[in-house]
Structure formats: structure tokens, C-alpha cells
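Throughout, a chain's letter reflects where its sequence line sits, starting with A, and its residues are numbered from 1.
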Number of protein chains: 2
Amino acid sequence: MGLIDNINKLFDHRIRLGIMSILMVNDDVDFNRLKELLDVTDGNLASHTKTLENAEYIKVEKAFIGKKPNTKYFITPLGKQAFKKHIDALEDLIRNPK
Amino acid sequence: MGLIDNINKLFDHRIRLGIMSILMVNDDVDFNRLKELLDVTDGNLASHTKTLENAEYIKVEKAFIGKKPNTKYFITPLGKQAFKKHIDALEDLIRNPK
DNA sequence: TAAAGTACTTTGAAATTCAAAGTTAAAATA
DNA sequence: TATTTTAACTTTGAATTTCAAAGTACTTTA
């Protein structure tokens, strides 16, 4: 087993890592806030959230706020667990790579 | 400026992150040791080390140990600096993503 | 002499990433 | 009422990246 086996390939990308980091500390974050925080295009953000949704690491909830459509993202328990494991693997790798 | 702008794309891959982590704490590491630690194929390792070499984040030194050819990799000052910056950006992102 | 080790390079296919343009539907504005 | 804007995508296609497998060249060991 290699040193990097516990590093999650899905989190091996800065945009998805950013999404997860944000959702770890915020109960919910909407599409436009994510877009603004990460400074990405609509399509790019949508495709990365889709990837995380497919893995069931995040969940989406659509609603109207007043009369405006609003899409909120949440982290799932599975996502939280996977992310923690990834961070542990990162720390381990960086701290003790031998 | 987005939250992830200081994350280095070159380190956004587990194998290159692994190589850098290893070279941060070891003065030099040879090809086969890297291969073993990371559990990757020859070609794959060679191409990732080449990517890091092209960025001048690592240096290579070829020699013979006894009669066997041996290739050692070192991290450069530039690589050390870039890696530290990346780790700081990672920590920042994970710790305070808002 | 044959097999194995070292450190690649090359090749090509598959997967991934990205921006740009298109879409849908509702809301605000003129 | 017609047009524009906003929100949140989906689609498309090109570019880039990744990876394994095969090939290379030279050396050493059995």
C-alpha cells in the first residue's frame, strides 16, 4: 500500500476541495455564493458540484427565496466522513512521508 | 480573487504531492525508493518527476553506486518555497473557507 | 548466455477539465 | 406587453492530463 492511497481522487482538485471546505463549515451555501467564493464560471461550478453529488458527498436543495429560485448545497454525513479521511491522509502524507 | 487562487495546480495531484512531501523531509530520494513509496509504475513516476523538474521544483542527479546506475531527486529552494505556499493555502482553505 | 534490474521514453487511448454558448423558467423592468 | 435579467444549469467540443503498456539501452547477476 502506497503513501497516497488514502488520498481521495475526488478531492484532488482545487475546485472540489474548495466546495467541500466551504460546506464543512457552513450549514448550507447557495450556488451564487459558491461561485463568488471560488471565482469560477457557472458551468464549471455546476459540473464540479454534480461530481460531488454523484458521489453523494453533497446534497442539493432547490427552493424559492421570496420569488427568486435558489439552490442550496449541503454536505452529507458521507461527505463529511470522506473529507475528514482525506484531510487526515493529507496531514499524514505531509507530516510523515516515509 | 477566489479562495483557491493560492493552491498550486502542479500540486493538485496526489502523486506529485507525494513526491514533494517526500522530498521535503529527505535530502535525496532515488527513483526506486519513490516508486516503492508511492506504488506507481516507472513511466508514471518518470512523467510526474519530469513535470516537477520542468517547473524547477526538483532536481535530478545521476550517478553510479558501485556499478549500478542511480537517479536521485532533490527538492530545490524554489520547490520548497512553492510547496510551503501551497500547504499554507491548503490549511487556510480548510481552516477558514469564507 | 539468458534473465533481470535501472531509468527512463514513446505511444496512444481514456479521462478530465474548461470556457463558451445554449437552455429554461420566472421576475423585473421599460 | 415585450424585453431583459437572473438563476442555475446542460451541452458541446477542444485542450489538457493521466496512465499503463511497450519499447529502449545499458549493466549485472545467475
Side-chain angles (χ1 to χ4, degrees), chain A residues 1-5 7-20 22-23 26 28-74 86, chain B residues 1-5 7-20 22-23 26 28-55 57-74 86 93:
Chain A
M1 198 197 16
L3 270 178
I4 56 178
D5 293 350
I7 293 199
N8 192 326
K9 279 192 190 184
L10 275 186
F11 303 147
D12 228 3
H13 188 278
R14 69 204 187 294
I15 296 179
R16 291 190 298 268
L17 196 74
I19 295 168
M20 293 300 287
I22 291 164
L23 293 181
N26 295 284
D28 57 78
V29 178
D30 66 28
F31 189 87
N32 280 310
R33 180 76 180 128
L34 277 181
K35 210 180 83 172
E36 172 188 309
L37 284 169
L38 298 170
D39 192 23
V40 289
T41 59
D42 287 9
N44 203 358
L45 178 56
S47 71
H48 286 295
T49 53
K50 177 66 76 184
T51 298
L52 293 170
E53 264 184 84
N54 289 343
E56 296 186 51
Y57 288 167
I58 68 176
K59 276 242 173 296
V60 69
E61 202 170 281
K62 284 146 196 273
F64 279 82
I65 291 184
K67 303 237 171 131
K68 286 186 178 177
N70 185 267
T71 299
K72 276 180 180 172
Y73 295 96
F74 303 83
H86 178 76
Chain B
M1 198 197 13
L3 271 177
I4 55 178
D5 292 350
I7 293 198
N8 191 325
K9 279 190 189 184
L10 275 186
F11 302 147
D12 226 2
H13 189 279
R14 69 204 186 296
I15 297 179
R16 291 191 298 268
L17 196 73
I19 294 168
M20 293 299 288
I22 291 165
L23 294 182
N26 294 285
D28 57 78
V29 179
D30 66 29
F31 189 87
N32 280 311
R33 180 76 180 131
L34 277 181
K35 210 180 84 173
E36 173 189 307
L37 284 169
L38 299 169
D39 191 23
V40 290
T41 58
D42 287 9
N44 203 357
L45 178 56
S47 71
H48 285 294
T49 52
K50 177 66 73 186
T51 298
L52 293 171
E53 263 186 84
N54 289 343
Y57 288 167
I58 68 175
K59 275 239 175 298
V60 69
E61 202 170 281
K62 286 147 195 271
F64 279 82
I65 292 185
K67 303 236 172 135
K68 288 185 178 177
N70 185 266
T71 300
K72 277 180 179 171
Y73 295 96
F74 304 82
H86 177 77
L93 173 64

If we only count heavy atoms from C-beta on, is the [X] to [Y] side-chain gap below 4.5 Å?
| X | Y | result |
| --- | --- | --- |
| A:Leu38 | A:Arg14 | no |
| A:Asp30 | A:Ile65 | no |
| B:Val29 | B:Lys72 | no |

Within this structure, what is the [atom1]-to-[atom2] distance between [X] and [N], rounded to whole angstrom?
| X | N | atom1 | atom2 | value |
| --- | --- | --- | --- | --- |
| B:Asp39 | D:dA20 | CG | P | 10 Å |
| B:Lys50 | D:dT18 | NZ | P | 16 Å |
| A:Ile4 | D:dC19 | CD1 | C1' | 13 Å |
| A:Asp42 | C:dA25 | CG | C1' | 15 Å |
| B:Lys9 | D:dT17 | NZ | C1' | 12 Å |
| A:Glu36 | D:dA7 | CD | P | 11 Å |
| A:Asn54 | D:dT10 | CG | C1' | 14 Å |
| B:Asn44 | C:dA13 | CG | P | 18 Å |

Looking for any heavy atom pair under 4.0 Å, which part of the strands does B:Ile15 touch: base, sugar-phosphate only, or nothing?
-> sugar-phosphate
With a non-hydrogen cut-off below 4.0 angstrom, is A:Tyr73 in contact with a base, only sugar-phosphate, or nothing?
-> sugar-phosphate
Starting from the 5' end of DNA chain C, give me the residue, A:Thr51 or B:Ala46, whose nearest nucleotide shows up first.
-> B:Ala46
Identify, between A:Gly43 and A:Phe64, the residue whose nearest nucleotide on DNA chain C lies closer to the 5' end.
-> A:Gly43
Within the pair [X] and [N], is there a side-chain N or O less than 4.0 Å away from OP1 or OP2?
| X | N | value |
| --- | --- | --- |
| A:Lys62 | D:dC9 | yes |
| B:Lys68 | D:dT29 | no |
| A:His13 | C:dC18 | yes |
| A:Thr71 | D:dC9 | yes |
| B:Asn32 | C:dA7 | yes |
| B:His48 | D:dT17 | no |
| B:Arg14 | D:dT18 | no |

Contact nearer the 5' end of DNA chain D, comparing B:Lys67 with B:Thr41 = B:Thr41
How many angstroms lie between atom CD1 of B:Ile19 and atom NE2 of B:His13, to the nearest 0.5 angstrom?
-> 9.5 Å
Between CG on residue B:Asn44 and CD1 on residue B:Ile15, distance to nearest 0.5 Å | 4.0 Å
